A.B. asks: 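Submitted below is the structure of interest, expressed as structure tokens.
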Amino acid sequence: MDQATNVRPGQDSGSSPADLVSRWLAALEAALNGGTEAAVAALFMPDSHWRDLVAFTWFVSPHRGAEDIARNLLRHQRQVQAHEFRIDS
């Protein structure tokens, strides 16, 4: 099952914003751990922008487009091993 289909805005009007974000974060973690660019890219809109603010690298590094975002997240994920994404409450 494509996890991205359940986390895009507007597709599940019965969920709270926190539930939607939590599901998206879980899908991101699963995609990063799965290591496929297509799975990560599916979580982003084609014209998305991602600015890494010292999360995956020690630099402010902007990326544009789902494929570019996915490629760069996966490249750094091998070293960073980011996991347990969650919303602070």
Side-chain angles (χ1 to χ4, degrees):
M1 181 174 104
D2 179 6
Q3 294 177 3
T5 60
N6 293 326
V7 293
R8 289 236 172 119
Q11 290 188 340
D12 186 0
S13 60
S15 293
S16 72
D19 289 340
L20 182 63
V21 171
S22 293
R23 285 200 328 260
W24 188 89
L25 289 171
L28 177 62
E29 183 171 342
L32 288 171
N33 289 332
T36 66
E37 189 174 316
V40 176
L43 295 169
F44 295 90
M45 300 302 291
D47 62 345
S48 293
H49 293 258
W50 176 279
R51 182 173 295 152
D52 183 4
L53 300 174
V54 194
F56 281 77
T57 68
W58 284 103
F59 306 101
V60 176
S61 53
H63 302 285
R64 188 173 84 192
E67 290 80 18
D68 184 41
I69 293 167
R71 183 173 37 257
N72 283 285
L73 288 177
L74 285 171
R75 180 174 47 155
H76 295 291
Q77 175 65 2
R78 292 179 188 103
Q79 180 180 8
V80 174
Q81 297 296 303
H83 63 284
E84 296 185 26
F85 299 111
R86 66 183 177 274
I87 302 171
D88 286 338
S89 53

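The basis for the numbers below is simple: all heavy atoms, side chains too, and nothing from hydrogens, waters or symmetry mates. Since this is a predicted model, take the numbers as computed values, not measurements.
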A.B. asks: Report the distance from atom CG of Leu25 to atom CD of Glu29, rounding to the nearest 0.5 Å.
C.D. replies: 9.0 Å

A.B. asks: Does some side-chain heavy atom of Ile69 sit less than 4.5 Å from a side-chain heavy atom of Ser48?
C.D. replies: yes

A.B. asks: Heavy atoms, side chains only, cut-off 4.5 Å: are His83 and Leu32 in contact?
C.D. replies: no

A.B. asks: Is it true that, when you exclude Gln79 itself, more than 12 heavy atoms of the residues, nucleotides or ligands shown sit nearer than 6.0 Å to its CD?
C.D. replies: no

A.B. asks: Picking from Asp68, Leu73, Leu74, what satisfies side-chain contact (heavy atoms from CB on, under 4.5 Å) with Arg71?
C.D. replies: Asp68

A.B. asks: So Trp50 and Asn72, side-chain contact (heavy atoms from CB on, under 4.5 Å) or not? Walk me through it.
C.D. replies: CA-CA 10 Å; Trp50 176 279; Asn72 283 285; over 6 Å; no

A.B. asks: Here's a test for you: under side-chain contact (heavy atoms from CB on, under 4.5 Å), which of Val21, Leu28, Leu20 qualifies with Trp24?
C.D. replies: Leu28

A.B. asks: Atom CZ of residue position Arg64 - does it have more than 12 heavy atoms of other residues, nucleotides or ligands inside 6.0 Å?
C.D. replies: no

A.B. asks: What's the shortest heavy-atom distance between Leu43 and Ala31, and which atoms?
C.D. replies: CD1-CB, 4.0 Å

A.B. asks: What are the two closest heavy atoms between Ile87 and Ser22, and how far apart are they?
C.D. replies: CD1-OG, 3.6 Å

A.B. asks: Donor-acceptor pair, distance only, cut-off 3.5 Å: does the side chain of Gln77 make one with the backbone of Asn33?
C.D. replies: no

A.B. asks: Compare every heavy atom of Ala66 with every heavy atom of Ala41, then report the nearest pair and how far apart it is.
C.D. replies: O-CB, 3.6 Å

